[in-house]
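Input: a single structure, listed below in structure tokens.
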Protein chains: 2
Amino acid sequence: MTETPAKRRGRPRAYDPDLALAKATEIFWAQGFAGASLDDLSAATGMNRPSLYGAFGDKQTLFKSALDRYMDRSRAAMIEAFRGGGSLREVLTRIYHTALSFYLSEDFGGRGCFLASAGLGQALVDDEVRQTVADGMHELDRGIEGLLQRRQARGELPPTVDPIALGRVASMMMNALSVRARAGETREQLEATIPVMVGLICGSPVPEPQASE
Amino acid sequence: MTETPAKRRGRPRAYDPDLALAKATEIFWAQGFAGASLDDLSAATGMNRPSLYGAFGDKQTLFKSALDRYMDRSRAAMIEAFRGGGSLREVLTRIYHTALSFYLSEDFGGRGCFLASAGLGQALVDDEVRQTVADGMHELDRGIEGLLQRRQARGELPPTVDPIALGRVASMMMNALSVRARAGETREQLEATIPVMVGLICGSPVPEPQASE
DNA sequence: TTATTTTTATGCGAAACAGTATGAAAAAGC
DNA sequence: GCTTTTTCATACTGTTTCGCATAAAAATAA
């Protein structure tokens, strides 16, 4: 669908819009909205100022496009992580690892979640951004809550726990990973916390050989 | 010590340095380093530009002073929360409530932890800031780890758990509260997660009559 | 009163900033 | 080959930014 359906009429554009948006996202991610100048964005995307403006509108609109693109990407990755089978323990572990794969970058070092970093950096200045970020986080909350509900029904969680309250906290732990990633903690340090978090959610040491079911 | 020891010689300053730093902190907190202009800071502090410069140096230095002041204040509040007696459950609850008292503001709405918000906003641009923030968080990590170690020795935690790993995650939950506060969640929503978090750390519903061992 | 010291007030200046106008370049249509 | 359409490249405009220079104001000291 995205491939050129017919030969476009005028001069062909010299950039790939999605790649450019990805590069712009990286600048916002590292420097925040206010800290990213149009010169920075222009240099990173390889587009000059008027092309940027023509393609994405002004800086605010570009930022919101970056936010939307990130949410689409991370949503897709999370759906993938939810889908794969395995025990609740395994699914949660996969979810946290997926989150970390977004928060840690080879080239830029730890930068955290784009929503929690660049997004929330603007939260007190632009309420639309704040709302978008909040919605994104709550969407993930509901995903994990649903997961815990289903797994509780299968007996993977004790019937006494509240899967909604627990799911929300499990979701919040990703926010904690984001903060620590941006604070510079290493992949090893962060990955070491995952089994601890999963253990807290699922019941500590090992599900126990669980011959019961 | 801080009171005027003798009559100062020249024209008296028209501002209270610490109050001015507090006001500047609020601007950085809401708008970030790059988003806060010297005009904003000047208006908030009531100091004109040259006075600001004379008192705190340039914008970077002012920001780092704000960071230091925040760390001093929050450290003091946390020491207080650690000191008061009570069960581990009670102490942890008090610690989380103390954290929330910093993250939520009457006038500005939820703004999160200054370290995690304004501080980490600069983390990828200014490595000294990143290191300061990381150190601050790790100091709190060690505090909670020590608390759990002592309480485990008193039998308030099962001997099987690793108090270091658990303490680190307990500390990270404050980072999660910070993110959600800044995302606009209400005090009620945030406070509702505290007993869930404390329950995860201490052993869920109530330490349970725990007849098993 | 007069001199000295310290802070405030006005406002300057160079640089960076966001956004745009103008014209050249590169493709398709005829 | 010429026109039309779309994008690129240069450069401009007006504003905002940060930091500081200069001079007035307000206190003490002599």
Side-chain angles (χ1 to χ4, degrees), chain A residues 2-21 23-25 27-28 30-67 118 121-122 125-126 128-129, chain B residues 2-21 23-25 27-28 30-67 118 121-122 125-126 128-129:
Chain A
T2 39
E3 44 216 293
T4 47
K7 285 280 182 181
R8 308 206 9 121
R9 188 87 138 74
R11 175 172 175 172
R13 48 173 61 131
Y15 58 90
D16 170 18
D18 186 68
L19 181 67
L21 187 51
K23 292 292 186 182
T25 302
I27 298 296
F28 283 132
Q31 302 172 213
F33 176 80
S37 73
L38 280 190
D39 279 344
D40 294 332
L41 296 164
S42 179
T45 57
M47 300 164 66
N48 43 34
R49 217 96 46 73
S51 295
L52 257 181
Y53 203 84
F56 302 111
D58 68 2
K59 197 180 161 188
Q60 263 204 341
T61 311
L62 173 58
F63 184 77
K64 285 169 184 171
S65 300
L67 212 56
Q122 279 298 96
V125 168
D126 184 332
E128 186 187 329
V129 169
Chain B
T2 37
E3 44 216 295
T4 48
K7 285 278 182 182
R8 305 204 15 118
R9 186 87 136 78
R11 175 170 175 172
R13 49 173 59 132
Y15 59 90
D16 170 19
D18 187 68
L19 180 67
L21 188 51
K23 292 291 187 184
T25 302
I27 298 295
F28 283 132
Q31 303 173 214
F33 176 80
S37 73
L38 281 189
D39 279 345
D40 295 332
L41 296 164
S42 178
T45 57
M47 299 165 68
N48 43 33
R49 215 94 47 70
S51 294
L52 257 181
Y53 203 82
F56 301 112
D58 67 2
K59 197 179 159 187
Q60 263 204 343
T61 311
L62 172 58
F63 184 76
K64 285 169 185 171
S65 300
L67 212 56
Q122 279 299 93
V125 168
D126 183 333
E128 186 187 330
V129 169

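Proteins get letters first, then strands, A, B, ... in listed order; numbering begins at 1 in each. Keep in mind that this is a model prediction, so the values were computed, not measured.
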Integer-rounded Å distance: C/dA18 P and A/Phe63 CZ:
14 Å
What contact category does B/Ala36 fall into here, base, sugar-phosphate, or nothing, at under 4.0 angstrom with non-hydrogen atoms?
sugar-phosphate
Reckon A/Pro50 touches a base, only the sugar-phosphate, or nothing at all at heavy-atom distances under 4.0 Å?
base
Rounded to the nearest angstrom, tell me the gap between atom CG in B/Asn48 and atom P in C/dA9.
5 Å
Closest nucleotide of DNA chain D for B/Gly10 versus for B/Asp40: which of these residues is on the 5' side?
B/Asp40
Heavy atoms only, 4.0 Å cut-off, all strands: where does B/Arg13 land among base, sugar-phosphate and nothing?
sugar-phosphate
Taking the minimum atom-to-atom distance to the side chain of A/Tyr15, which one of D/dA26, D/dC8, C/dA18 wins?
D/dC8
What nucleotide, of D/dC18, C/dT20, C/dA9, holds the atom closest to the side chain of B/Leu38?
D/dC18
What is the separation between atom CE on A/Met47 and atom P on D/dT10, rounded to the nearest whole Å?
15 Å
Quick note, B/Arg49 side chain, CB onward, closest among C/dT5, D/dC20, C/dT20 is D/dC20
Name the closest nucleotide to the B/Arg9 side chain, picking from C/dG29, C/dT4, D/dC8.
C/dT4
What nucleotide among C/dC17, C/dA27, C/dT8 has an atom nearest to a side-chain atom of A/Ser37?
C/dC17
Verify, without hydrogens or angle tests, whether B/Lys23 (side chain) and B/Gly46 (backbone) share a donor-acceptor contact under 3.5 angstrom.
no
On the 0 to 90° scale, with breaks at 30° and 60°, tag the B/Phe28-B/Phe33 ring pair as parallel, tilted or perpendicular.
parallel
Send over the distance from B/Phe33 CZ to D/dT17 P, rounded to a whole Å.
13 Å
Closest to the side chain of B/Tyr53, out of D/dC20, C/dT4, D/dC8, is D/dC20
Hey, which sits more toward the 5' end of DNA chain D by its nearest nucleotide, B/Arg11 or B/Asp58?
B/Asp58
C/dT7 C1' sits how many Å from B/Phe56 CZ, rounded?
14 Å
Using a cut-off of strictly less than 4.0 Å, decide whether B/Ser51 has a side-chain nitrogen or oxygen near OP1 or OP2 of C/dT7.
no
